[in-house]
Asker: 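Let me give you the structure first, and then I'll get to my questions.
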Amino acid sequence: GAAIVALPVDGDGEDIADLIEKWHGELLLDSEQKALVQELVDSGLKQDKPWLCGVELSRCLAKAALDRAGTFVPATFVSTGYLGLDRALCGGFALGECSSLFAPSSMGKTTFMANLALNLAAAKTPCCILSLEMRAGDIWRLLSGLYGSVPRGHIRQGAYAAGEIQALDEAVRGLREMPLYVVERMQFPPDEDSPGAPTSGAISAVLREGVDRCGWKVVFLDYLTKVGPFGGPEIERLPGLTAWVQDQAQRLGVHFVSLVQSNKASYARKDKTGKRGSELQDAKGSVEVVADFDNCLSLMRDDWNTDEPQDPSPSVCRVLKARQGPTGVVKMRFFRSLGRIEEEPPDMGQPREE
């Protein structure tokens, strides 16, 4: 077996290297013991001192981080179901990243979110809608009418045209087979410190279990500023929420899409041709939303807030920021009665770089 060596303590300030040299000279150790002690000493001398800052800086050195080309693992994408949007995002929704979707009220953010979620679930990508504004039943009604091509008004009123009940039944059966989840705010446990609104901590617990047990890949939050607790100015609260979204996306490996309201400045802005437009600073809390999110998308249509609504209505999804993509504008058509948002044919809806 290996020899057990007791190392004496020297009171004259000699270090272990001095002692080894002294023992060699005095022949206090045989060759096998000398080799063992030398091995122990060498390994001790190679150990790094603890990093008092708490960060092991030796692991941050280029030679440690960039050991081979395989260091760069390709990103994992899930398709949004819109080819032009996938191109503008350099592949679709990348896992571990986060996006904001902003627009004025009643522009169709929730409807677009429902279309995206349905596209993902139909492709067998597990996803969840965290609805902090609309009730879960309303979301399911929207999804069912969208999937079955039954007008939302008919479902709401219970007045169906020929064949619509059968179409709706088939849509419901189809949705039941999809990995699509809807969680509304009333399903969260009551919180005395945040009445009526789940906190980021409560939502984080749901996200962790949703990823672990349900395999969620994409999570939609409708909408960001509905996350509690409330209190204090938004200018102080919002940076914490955007940092929390970014942290959840990176730690859980999901793509996190947060719906955000637009500032009032975007309500009346039009370009030289008279069309409504949007800019990054239109996102409410633009500094944090733009800085912390990997992608920033806006939704806009020309007939919004006018007395001449169209069905279908020309609409655009503008990718104003894509950390890894080219950005661009994707032309779409918004079928108001059905809640369907379709991409224009490729020859008409190609994203253009801006």
Side-chain angles (χ1 to χ4, degrees), residues 80 82 84-85 87-90 93 97-116 132-134 220-227 233-246 249 255-307 309-310 313-334 336 341 343 349 351-354:
T80 65
Y82 297 100
L85 184 55
R87 287 194 294 270
L89 294 174
C90 198
F93 285 150
E97 294 186 358
C98 50
S99 299
S100 65
L101 171 61
F102 65 92
S105 297
S106 75
M107 181 65 70
K109 296 187 298 297
T110 300
T111 302
F112 190 40
M113 173 194 69
N115 278 261
L116 288 166
L132 306 188
E133 185 175 37
M134 293 176 62
F220 298 90
L221 176 63
D222 188 11
Y223 57 93
L224 181 63
T225 55
K226 289 286 186 177
V227 178
E234 287 291 284
I235 195 172
E236 297 177 1
R237 195 173 77 93
L238 194 56
L241 290 178
T242 56
W244 164 72
V245 168
Q246 186 181 46
H255 193 93
F256 205 125
V257 182
S258 296
L259 273 60
V260 182
Q261 292 284 6
S262 287
N263 290 319
K264 293 181 178 179
S266 66
Y267 281 41
R269 183 188 298 115
K270 295 183 179 180
D271 62 20
K272 295 180 180 179
T273 65
K275 293 185 177 181
R276 299 183 185 276
S278 56
E279 299 177 6
L280 280 174
Q281 67 261 30
D282 293 335
K284 195 171 184 180
S286 60
V287 173
E288 293 80 19
V289 170
V290 171
D292 291 349
F293 289 105
D294 299 285
N295 312 302
C296 295
L297 290 66
S298 73
L299 195 66
M300 189 66 71
R301 66 177 192 271
D302 292 339
D303 71 336
W304 171 78
N305 201 26
T306 69
D307 55 1
Q310 303 175 46
S313 170
S315 179
V316 296
C317 177
R318 180 173 282 108
V319 181
L320 296 169
K321 175 187 176 182
R323 199 181 298 276
Q324 307 295 339
T327 72
V329 174
V330 183
K331 294 183 179 180
M332 298 180 169
R333 291 175 294 177
F334 181 20
R336 186 188 308 273
I341 298 179
E343 187 175 10
R352 62 177 184 273
E353 293 190 9
E354 295 188 330

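When reading the values below, keep in mind they use all heavy atoms of this one structure, side chains included, and skip hydrogens, waters and symmetry mates. Since the model is a prediction, treat every value here as computed from it, not as a measurement.
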Asker: Taking the six-membered ring for Trp, are Phe112 and Tyr82 ring centroids under 6.0 Å apart?
Answerer: yes
Asker: Report yes if the side chains of Glu97 and Gln324 come closer than 4.5 Å at any heavy-atom pair, otherwise no.
Answerer: yes
Asker: Should Asp294 and Ser99 count as side-chain neighbours, where that means a heavy-atom distance under 4.5 Å?
Answerer: no
Asker: State, with a plain yes or no, whether a side-chain heavy atom of Val316 is found less than 4.5 Å away from one of Val330.
Answerer: no
Asker: Ignoring hydrogens, what is the shortest heavy-atom contact between Leu89 and Val319? Give both atom names and the distance.
Answerer: CD2-CG1, 4.0 Å
Asker: Excluding sequence neighbours, so at least two apart, what forms side chain to side chain contact (heavy atoms under 4.5 Å, CB included) with Pro309?
Answerer: Asp303, Arg336
Asker: Are side-chain heavy atoms of Leu85 and Leu297 found at a separation under 4.5 Å?
Answerer: yes
Asker: Please step through side chain to side chain contact (heavy atoms under 4.5 Å, CB included) for the pair Tyr223 and Val260, ending with a clear verdict.
Answerer: CA-CA 6 Å; Tyr223 57 93; Val260 182; over 6 Å; no
Asker: Nearest 0.5 Å please: distance from the CG atom of Leu320 over to the CG atom of Asn295.
Answerer: 11.0 Å
Asker: Let me see the working for Thr110 and Met134 under side chain to side chain contact (heavy atoms under 4.5 Å, CB included), right down to the final yes or no.
Answerer: CA-CA 9 Å; Thr110 300; Met134 293 176 62; 3.6 Å; yes
Asker: Can you tell which of Ser313, Ser315, Ser106 makes a side-chain hydrogen bond (donor to acceptor under 3.5 Å, both in side chains) with Trp304?
Answerer: Ser106
Asker: Nearest 0.5 Å please: distance from the CZ atom of Arg318 over to the OG atom of Ser278.
Answerer: 4.5 Å
Asker: Quick one: closest heavy-atom pair of Gly108 and Ile341, and the distance?
Answerer: O-CD1, 4.4 Å
Asker: Please list all pairs passing the salt bridge (charged side-chain N to carboxylate O under 4.0 Å, His left out) test where one or both residues lie in residues 235-245, with sequence neighbours left out.
Answerer: Glu234-Arg237
Asker: Give a yes or no on whether Lys321 atom NZ has more than 12 heavy-atom contacts from other residues, nucleotides or ligands under 6.0 Å away.
Answerer: yes
Asker: Checking Asp292 now: which residues fulfil salt bridge (Lys or Arg N to Asp or Glu O under 4.0 Å) with it, not counting sequence neighbours?
Answerer: none
Asker: CZ/Phe102 to CE/Met107 distance, rounded to the nearest 0.5 angstrom?
Answerer: 11.0 Å
Asker: Could you check Leu238 against Leu224 for side chain to side chain contact (heavy atoms under 4.5 Å, CB included), going step by step and ending with a plain yes or no?
Answerer: CA-CA 9 Å; Leu238 194 56; Leu224 181 63; 3.9 Å; yes
Asker: Of all heavy-atom pairs between Ala88 and Pro326, which one has the smallest distance, and what is that distance?
Answerer: O-CD, 3.2 Å
Asker: Passes side chain to side chain donor-acceptor pair (under 3.5 Å), Ser262 versus Asp282? Steps please.
Answerer: CA-CA 5 Å; Ser262 287; Asp282 293 335; over 6 Å; no
Asker: Return the NZ to CD distance between Lys226 and Gln261, rounded to the nearest 0.5 Å.
Answerer: 9.0 Å
Asker: Between CG of Leu221 and OG of Ser258, what distance do you get to the nearest 0.5 Å?
Answerer: 5.0 Å
Asker: Which heavy-atom pair separates Leu280 from Cys296 by the least distance, and what is that distance?
Answerer: CD2-CB, 3.8 Å
Asker: What are the two closest non-hydrogen atoms of Gly84 and Glu343, and how far apart are they?
Answerer: N-OE2, 2.6 Å
Asker: When rounded to the nearest 0.5 angstrom, what distance separates CG in Leu259 from CD in Glu133?
Answerer: 9.0 Å
Asker: Are the side chains of Phe293 and Ser100 in contact, using a 4.5 Å heavy-atom criterion?
Answerer: yes
Asker: So, do Cys98 and His255 sit near enough that their side-chain heavy atoms are less than 4.5 Å apart?
Answerer: no
